[in-house]
Amino acid sequence: MNALAKIDSSPIDVTPDGSDYETVRRVIEMITLDYRDQPSLEAIASELGQSPTQLQKVFTRWAGLSPKAFLQAVTLDHAKRLLGKEELPLLEASYELGLSGPGRLHDLFVTHEAMSPGEWKARGGGLTIRYGFHSSPFGQALVMATDRGLSGLAFADLGCEQAALDDMMRRWPNAEYVPDQEMTAPYVGRVFDRANWSCDQPLKVVLIGTDFQVRVWQSLLKIPFGKAVTYSDVANDIGQPTASRAVGAAVGANPISFVVPCHRALGKSGALTGYHWGLTRKRAILGWEAGNA
DNA sequence: GGTTGTCCTTTAA
DNA sequence: TTAAAGGACAACC
């Protein structure tokens, strides 16, 4: 608790555009709330008490897209395009690159290791997890790491940090948690700045979950930037074509959001079906990827 | 759009 | 080991 207080008083703003997210979030909410009568830029701007040009600037800086283009990028139509016709071969193709050894999983270049079932059963017992809050392009980011690598990444809107922390701590109740912003800070720059995505220094992540969950997450890691798959695609990929619904549950339990790109999993129709940290954020991330492709 | 069918994981006896 | 509950689904009114 006092840990939180300390965090609040000394936020580390690693990403300069982090504060833009609050504006962007509200724009997205407005757009999707009444998408039928597409509000004009002027209408949105006045609602937020900003000038249209100012809003345009913030938006473009954040997304790499104008509000209008962003709007396009978040439509059902565009989602279907992400799914594409050739998404299955794509999965197959990257398959052999996959699980053995440090490969090019994820454009972020991730090496991962999974916890053993025994470690999972211990519910994090014997594990020391260091954590810290940092601002990110998608709101406050809660970063968690063990000495073996990144183990958790969660999001929270301003003022809701405690809820996110509770949520994450509930997953591994027996672990020991130590607030340590200095230790977690470097991950933020590493993860959210594409310039730092390279294979020279693969990002180490630790997947803590059941066997099934880990298989699902590994499958997600193979989805390239700017692409998307359906839940049934993932089910196919792990060799259990009828388990799409269980896949959904596993995707939802993903502890390292963004890095494990659970936002690139869509319903078969291309509809965004759900997101643990809020649908708005899923839209934001997808739109951001469209603008930073 | 809502509603139902199905099937697999999880969790708790 | 078994049983019950329930899903970020998908298909079908």
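All chains are named by letter (A, B, ...) in the order of the sequence lines, taking the proteins before the strands, and each is independently numbered beginning at 1.
Under 4.0 Å is where a charged nitrogen must lie from a carboxylate oxygen, and between Arg25(A) and Glu22(A) at least one such pair does. Residues Glu289(A) and Arg264(A) are paired through a salt bridge, judged by an N-O separation under 4.0 Å between the basic side chain and the carboxylate. Remark: Asp237(A) engages Lys222(A) in a salt bridge, criterion side-chain N to carboxylate O under 4.0 Å. Asp77(A) and Arg81(A) are joined by a salt bridge, as a carboxylate oxygen and a charged side-chain nitrogen come within less than 4.0 angstrom of each other. Arg281(A) and Asp157(A) are joined by a salt bridge, as a carboxylate oxygen and a charged side-chain nitrogen come within less than 4.0 angstrom of each other.
Within a 6.0 Å radius of CD in Glu47(A), no more than 12 heavy atoms belonging to other residues, nucleotides or ligands are found.
Proximity of the aromatic rings of Trp172(A) and Tyr177(A) is defined here by a centroid distance below 6.0 angstrom, and this criterion is not met. Two rings, from Trp288(A) and Phe138(A), have their centers less than 6.0 Å apart.
Listed nucleotides: dC7(B), dA10(C), dA8(C). Nearest to the side chain of Ser244(A): dA10(C).
No hydrogens or angles considered: a donor-acceptor pair under 3.5 Å links the side chains of Asp233(A) and Thr230(A). In the model, Ser257(A) has no side-chain atom that pairs as donor or acceptor with a side-chain atom of His263(A) under 3.5 Å.
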Find every protein N or O atom lying less than 3.5 Å from an N or O atom of nucleotides 11-13 of chain C, and list the pairs.
none

Write out a two-atom table: protein N or O, nucleotide N or O from nucleotides 9-13 of chain B, distance below 3.5 Å.
unit_1	atom_1	unit_2	atom_2	d
dT9(B)	OP1	Gln240(A)	OE1	3.0
dT10(B)	OP1	Thr210(A)	OG1	2.4
dT10(B)	OP2	Thr210(A)	OG1	3.3

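Contacts between residues 273-283 of chain A and DNA chain B, defined by a heavy-atom separation under 4.0 Å, are absent.
Proximity of Ser232(A) to the phosphate of dC9(C): no side-chain N or O atom is located under 4.0 Å from OP1 or OP2.
By the side chain to side chain contact (heavy atoms under 4.5 Å, CB included) test, Gln72(A) pairs with no residue at all, sequence neighbours left out. Residues satisfying the side chain to side chain contact (heavy atoms under 4.5 Å, CB included) criterion with Ala271(A), sequence neighbours excluded, are Leu76(A), Ser269(A).
Under the 4.5 Å side-chain heavy-atom criterion for Ile, Leu, Val, Met, Phe, Trp and Tyr, Leu158(A) and Ile285(A) are members of distinct hydrophobic clusters.
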Intra- and interstrand pairs of DNA chain B - dot-bracket, Watson-Crick/G-U under 3.5 Å, | marks other strand:
|||||.|||||||
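For the pair Ile223(A) CD1 and dA8(C) C1', the interatomic distance rounds to 13 Å; values are reported in whole Å. Atom CZ of Arg245(A) and atom P of dT6(B) are 12 Å apart (whole Å). Atom CG of Asn236(A) and atom P of dC8(B) are 13 Å apart (whole Å). Whole-Å rounding puts the Asp237(A) CG to dC9(C) C1' distance at 17 Å.
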